[in-house]
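Okay, so here's the structure we're looking at.
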Amino acid sequence: MLFFSYFKELVGKEVTVELKNDLAITGILHSVDQYLNIKLENTRVVDETKYPHMLSVKNCFIRGSVVRYVQLPPDGVDVEILHDATRREARGS
Amino acid sequence: MSWAGPDNFPSTSLADNLDSSCLATTEKLLVVLRDGRKLIGVLRSFDQFANLVLQNASERIIVGDLFCDLPLGLYIIRGENVVLLGELDPLKEELPLSMVRVKAAEIKQAQKAEQDATELKGTMRKRMEFLDLD
């Protein structure tokens, strides 16, 4: 559940999601669920000329299983809290 | 900031994308599949695997500057094949204005030509492999 909780903290921030098919989409993180499915708002595709069918897509749902990377804003993590949470998760408590 | 269990947050449910049929304007969705196909239709149902029911589905085939919508009908898509689901903004152009809508026969021909070209490229590369080019 750690990454789910982590992503929830990032709701409202701008992220870039790179998919396994190399499509990269930038948008405001709207929501995330337990499968790490992601909903983005105000999206734009990084390489628009290569994916013309995405032109009029402004909101989208991305299935968690097809995500390769999520690029976060540089201030997207509080290291102290993340360390603590990671240790707690590793201990299983 | 809490890292405990789930608390209140907007869920990633697709329920917002369900289209009530009493609306005059039906909202079309774009579904991109793992094999690169693009389906357009009205979302009628979904579940936790992202299995989808699409009504009035059609496949949008794009080859270069040509495109075509092939009508398919009522489709159930198995969730594992879904890459993404996008709302098509009715106020925006669905495709760049430079793109031309053509007939089904024409797009199939163009698709085949493109396929043959990539195949040829593949065999050429294989034959040249001994040259150790990169």
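Because the structure is predicted, anything quoted here is derived from the model rather than measured. FYI, side chains are in, hydrogens and waters are out, and symmetry mates aren't considered; it's all heavy atoms of this structure. Chain A is the first sequence line, chain B the second, and so forth, proteins listed ahead of strands; every chain is numbered from 1.
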Quiz prompt | Within-4.5 Å side-chain heavy-atom neighbours: A/K58 and B/K92 | solution = yes
Quiz item: What do you reckon, is CD of B/E80 surrounded by more than 12 foreign heavy atoms closer than 6.0 Å?
Solution: yes
Quiz prompt | Nearest-0.5 Å distance that lies between atom SG in A/C60 and atom CG in B/L29 | solution = 11.0 Å
Self-check item: Which atoms of B/L30 approach chain A - backbone, side chain, both or neither, heavy atom under 4.5 Å
Solution: side chain
Quiz item: For chain B, which of A/V66, A/N21, A/L55, A/L23 has the most heavy-atom pairs under 4.5 Å?
Solution: A/L55
Quiz item: Looking only at heavy atoms, what is the nearest atom pair of B/P96 and A/P52, with distance?
Solution: CD-CB, 3.8 Å
Practice problem: Please look at A/I62 and chain B and tell me whether the side chain, the backbone, both or neither of the residue comes under 4.5 angstrom of a heavy atom of that chain. | Solution: both
Quiz prompt | B/F49 versus A/R63, closest heavy-atom pair with distance | solution = O-NH2, 2.9 Å
Exercise. Could you list the residues that satisfy salt bridge (charged side-chain N to carboxylate O under 4.0 Å, His left out) with A/E41, not counting sequence neighbours?
Key: none
Practice problem: Among the options B/D89, B/V32, B/V83, B/L88, pick out the one with the most heavy-atom pairs lying under 4.5 Å from chain A. | Solution: B/V83
Practice problem: Give, for atom NZ of B/K28 and atom OG of A/S56, the distance between the pair rounded to the nearest 0.5 Å. | Solution: 12.5 Å
Quiz item: How is the hydrophobic cluster of B/F67 composed, in terms of its other members, when Ile, Leu, Val, Met, Phe, Trp and Tyr link through side-chain heavy atoms under 4.5 Å apart, directly or indirectly?
Solution: B/I62, B/L95, B/M99
Quiz item: Going through the distances and angles, do A/I25 and B/L84 end up as a side-chain contact (heavy atoms from CB on, under 4.5 Å)?
Solution: CA-CA 11 Å; A/I25 307 171; B/L84 72 84; 3.6 Å; yes
Quiz item: With hydrophobic residues grouped by side-chain heavy-atom distances under 4.5 Å, do A/F4 and A/L40 end up in a single group?
Solution: yes
Exercise. Show your working on side-chain contact (heavy atoms from CB on, under 4.5 Å) between B/E87 and A/F61 and close with a plain yes or no.
Key: CA-CA 9 Å; B/E87 282 173 44; A/F61 165 93; over 6 Å; no
Quiz item: Crowded around A/K13 NZ? As in, over 12 foreign heavy atoms under 6.0 Å?
Solution: yes
Quiz prompt | Atom CD1 of B/I76 with >12 non-hydrogen neighbours under 6.0 angstrom | solution = no
Quiz item: Backbone N or O of A/H53 within a donor-acceptor pair of the B/R60 side chain at under 3.5 Å?
Solution: no
Quiz prompt | A/R68, CZ: over 12 other non-hydrogen atoms inside 6.0 angstrom | solution = yes
